[in-house]
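The structure appears below as structure tokens.
Please read these numbers as outputs of a predicted model, since none were measured by experiment. Lettering of chains follows the sequences in order, A, B, ..., and the numbering in each one begins at 1.
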Amino acid sequence: MSTTTLAVLVPLLPFLGALAGLLLGRRAPAYVRPLAVLPTLTSAALATAVAVRQGGEGALTGATRLTPTGNDALPVELAFHLDGFAVLVAVLVAAVASCVQIYSTGYLRDDPRYPSYAALVSLFTAAMLLVVYSDDLIVLLVGWEVMGICSYFLVGHYWETAAARSASLKAFLVTKLGDVPFIIGILALASEAGTFRISTIVTRLTSPLSGFELEHPTVIALLLLAGVAGKSAQFPLHTWLPDAMAGPTPVSALIHAATMVAAGVYFVARLLPVFTSSAAALAVLAAMAAVTMVGSALAALAQDDIKRVLAYSTVGQLGYMTGALAVADRGAAVFHLISHGVFKALLFLAAGVLIHAAGTNSLAAMSRTGGLAGRAPDAYWTMTVALLALAAVPPFAGFFSKEAVLAAAEHAALDPAGGAAHTVPPAVGWTVLLAGLLTAALTAAYATRLWLLAFHGRGFAAPGESTASGESAEPGGNTAPGHARQPAVMNAVLWALAGPTIAVGLLHGALPDWFDGRTLAPTLTTSVLGTGLAAAGIVVMYAAWRHSTATAAARAPLGAVAAHPEAEPAVSEAEAIATHRAVYGDIAAAVDPADPGRLLLGPLHRHAARGFHLDALYAAVAVRPVLAAARLVRFLDREVVDTYVRGAGGTARLLGAAVRRAQTGNVQTYLGLLLAGSLVLAVAAALVAAGA
Amino acid sequence: MHLAYPAVLAVLLFCTGLYGVLARRNAILVLMSVELMLNAVNLNLVAFDVWLRDTLHAGQALTLFTITIAAAEIGIGLAIVLLVHRNRGTSHIDRLRDLAETDRTATDSDEATVADATDNPVGSPAGDPAGRPTDTRLTRGEATA
Amino acid sequence: MSATANLAASAAAVSGTPGFLSPTGVEILFLLVGLLTLGAAITAVTTRQLVHAALWLVVALGGIAVEYLLLSAEFIAWVQVLIYVGAVVVLLLFGLMLTRAPIGRSPDADSGNRPVALAVAVTAAAVLVTVVVDAFRTTWIDLEDGAPQGTTDVTGRILFQHWVLPFEALSVLLLAALVGAIVLSRRENGRNGTGGDGDGDGGTGSGTRAAGGGER
């Protein structure tokens, strides 16, 4: 089989699996699990085969023209383009999707909606692979939107809880808000470049012979950037991502950490020449990345929900990737994308295990339950590895990829003229570099906080822990109620991902062959600076933790724990999400004086916990005017438009009442009126005849 | 002879009949007025036939037919009037208001009295005029018809 | 009628045909009989005595029969006398009798619809007279010349030569009317044995009903 055929099969298999799952899900439940896992696994194997065959050589392209496009000048083609970026990202996507599908068989083993869930995950995988392989902007857009709708459905998987319902709506609307400029940008780009083919556009832009230049590169780049910001959760459209944590943990791992949110970064990487042709776009990209990085890291320090910490961390790491793109180094961006995809998927999946073991998603509650590390050792060890990777401690994966980003930024800041043909303004480089270094410290800090609070909590003997979910919570325990051992399949997936988390970074020597050829090796200055800052963050956080646990010895008992020893892990999570606001008064934060993040952030904590009030700002700027307009329209409809309608009806009714009086039943009256009418007509006819 | 004489006479007779049809209360008098109208038309037919000297004498033949049909009509009409009178106890046209838009109050009094009048056997006094159901009248009317 | 005559006279003055001011004997006779007929008809529709109305109708129908004679429609005149005066009016009188119409003046002979009826009738008369006079003021019927128009011989000939099929169809219609009238006026024998009493009952009931209706 040729590489092209294999590549076609890669997105096709999960798609067929999704179709079969949707069709057979109810009738043949026994086939649902194989239908969910096997196509994705096969697809992962095929993607690896494609990557091996492609081997970093020149890009493979293939295209089939989709006939009825209506415009011969701008044909839409079912084309794909297999370069090093595409094949590696496809391997990542297929591998993480396989892990998540396997994990879900344990995590959602008794869920009545598992068939549709698995089918949607498969459909999502297919769409993401289509986006990765596609060479045509319209086909890419199709995959892009299919991902969006899958994300909407999957975030709303626990639709019984209000948080999940509103989160899915929010995710959908916010990403669509970015997608509208995105599609306009695509059309503008295609009409200027004269083709929808990405490879053609890139070739025309980069070839020194053609001399082709876009007429409005800044406008197009900014329009595209809006869609990218929506999809990749960059400031200011990032607010949907923390709320999207109301979905099941595997979904968060696959869609909202490893793959879909990376699609925006990947898209920019594919079309980087378009962005580099406009310095303004690069500056906006850098500013966006810097604000996103620092803000999300601060917000992550204040979150109580473990998954929201990870969500803000995802936003920040995506900020690193956009930062790398802002300094026009797409190799570093995709390198970080791959390593981040691996370790963040691991973090989320481990967090899912942890939530099940602890019976809560609240860090404040976890810090009061001792022995979590002992009860979920697999999660403990793999999560430690992944957190080290996140904090960019050498030699884990995150270190190398983050250093690649920082090195690229330093390169752009200090040596703007050298290197690539693109001219990146030094200010952009400096912005990314400084923000990246600051974020490195903050990232290490919140990773430490997460680790300390989750695994090194101390049980307290204070009885009367409030039990929010009534049924089977065990009162008075200072450890979480005994959940059974985690399903083996989930732990196996954790270890399977832990390997790449350690090892991916070591690929930095081989990867430039697959990418643009620029070196990805860490440079000395940034390595020392970055690692030093990370170490400082870790130390400061540890000290703060020691201090707060010591001083807040008499801290109030706090926590709500759900325990369902027999139920599937997803039940614990759904209950934790549903009860978090009721117990702690907020979906994101908890009133916990022992939180080291509170100590470190000081007065900033309150704002950081609420994502710096961006949601409130949106509510004031967009939501409330829209609601007011809706009320106005409602008023106009009910009171003004309906008045006419009611008036029409009332007039007819009045006329009817008047005419009704004529219905006396007296035949002579009827006949008299009839004849009178005939007379009038006869007179009229006679007059007309006489007049004529 | 001027054609205007019979024509005008026919018009006036017709309008007299028209007035009778619209103004008379007794159904039999209404039938009489209808006869007047028919006769006015007949007069017209004869006058025009004589004037036109039609070889087929269509006017006169039609007059004969009209007279025949009028006789049939008066027979059927009287039978209906008698039937109505037997069932309703009246041959007054303005009391036959079943076509009216029912407010249930304006016509009920009439119907109740009609029911009283027709449905009571000899010996039983109308002891409960208020509770008299109207459907007895209806069933009887339908059965008779 | 005099207004109509004036109108007709003024109209005739314009035309060249024999004028209205020099009427022939037939015309005078026609006019006189016409006046009588019209008067009888008006009385028939306005009198408060129901039986008198039927009798005045006899006069009116008889007058029309005379007009037929004057128009030389001899056979039709006799048919008119036979059927209308002889049969229909008798039938109507029977009807009045059977519905127990009050003998003597009845105050409620006219319905409340009378003003409307009057207005409609007068307007209709005005419109029709205007139109008819306007159309036929110069038209002259030549009664003296040519073959006889409506003798029994002529009428019988055309009736049974040209109009025989409608004539037969009409006989079927008469039969149907006969059957229908019998069916309608037949008593319900099967339903209750007191059918004979029912009619008498209806009569007495009618009296009480009228009283009750008055009270209400």
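For B:N42, the parts lying under 4.5 angstrom from a heavy atom of chain C are both the backbone and the side chain. Both the backbone and the side chain of B:I28 come within less than 4.5 Å of a heavy atom of chain C. Of the atoms belonging to B:V50, heavy atoms from both backbone and side chain fall under 4.5 Å from chain C. Of the atoms belonging to B:S91, it is side-chain heavy atoms, and not backbone ones, that fall under 4.5 Å from chain C. If you measure heavy-atom distances from C:I158 to chain B, the contacts under 4.5 Å come from the side chain alone. Looking at B:A10, neither its backbone nor its side chain comes within 4.5 Å of chain C, counting heavy atoms on both sides. Of the atoms belonging to C:L128, heavy atoms from both backbone and side chain fall under 4.5 Å from chain B. In this structure, chain B has a heavy atom under 4.5 Å from the side chain of C:V154, while its backbone stays farther away. In this structure, the portions of B:I80 lying under 4.5 Å from any heavy atom of chain C include both its backbone and its side chain. Residue contact with chain B, scored on non-hydrogen atoms closer than 4.5 Å, is absent for C:P115. Looking at C:I83, the atoms closer than 4.5 Å to chain B (heavy atoms on both sides) all sit in the side chain, from C-beta outward. Of the atoms belonging to C:I42, heavy atoms from both backbone and side chain fall under 4.5 Å from chain B. The part of C:L170 that comes within reach of chain B is its side chain, from C-beta onward, which places non-hydrogen atoms under 4.5 angstrom from that chain. Residue contact with chain B, scored on non-hydrogen atoms closer than 4.5 Å, is absent for C:I182. For chain C, the nearby parts of B:T68 are the backbone and the side chain; heavy atoms of each come within less than 4.5 Å.
In this structure, B:S33 and C:V45 approach most closely via the heavy-atom pair OG-CG1, 3.9 Å. Shortest non-hydrogen contact noted between C:L184 and B:A79 is CB-CB, 3.8 Å.
B:Y5 and C:E27 are not linked by any side-chain donor-acceptor pair at a separation below 3.5 angstrom, with hydrogens and angles left out of the test.
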Could you walk me through whether B:L9 and C:F30 satisfy the side-chain contact (heavy atoms from CB on, under 4.5 Å) test, starting with their C-alpha distance in whole Å, then the side-chain angles of each, then the deciding distance to 0.1 Å, before giving a yes or no?
CA-CA 10 Å; B:L9 179 62; C:F30 190 95; 4.1 Å; yes
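For the atom pair CD1 (C:I76) and CG (B:L64), the distance works out to 5.0 Å, reported to the nearest 0.5 Å. Distance NE2/B:H2 to OG1/C:T138: 8.0 Å, rounded to 0.5 Å. Annotation: the span from B:H57 atom NE2 to C:L159 atom CG amounts to 11.5 Å, rounded to 0.5 Å.
Of the listed residues (C:L173, C:L118, C:N113), the one with the most heavy-atom contacts under 4.5 Å to chain B is C:L118. Considering only heavy-atom pairs separated by less than 4.5 Å from chain C, the leading option among B:V84, B:D54, B:I76 is B:I76. Comparing C:S72, C:A53, C:S171, C:G112 by how many heavy-atom pairs each has under 4.5 Å with chain B, the most go to C:A53. Comparing B:N26, B:T16, B:V30 by heavy-atom pairs within less than 4.5 Å of chain C, the highest count is held by B:T16. With respect to chain B, the highest number of heavy-atom pairs below 4.5 Å among C:V116, C:T47, C:L178 belongs to C:T47. Counting heavy-atom pairs closer than 4.5 Å to chain B, the top-ranked of the candidates C:V132, C:V26, C:L92, C:T24 is C:L92. Heavy-atom pairs under 4.5 Å with chain B peak, among C:A119, C:A60, C:A54, at C:A54.
In this structure, the side chains of B:L78 and C:F94 stay at 4.5 Å or more apart for every pair of heavy atoms.
Look at C:D110 and B:R25 and you find no salt bridge, because none of the NZ, NE, NH1 or NH2 atoms lies under 4.0 Å from a carboxylate O.
Using a distance-only test at 3.5 Å, with no hydrogens or angles considered, no donor-acceptor pair links the side chain of C:H162 to the main chain of B:L56.
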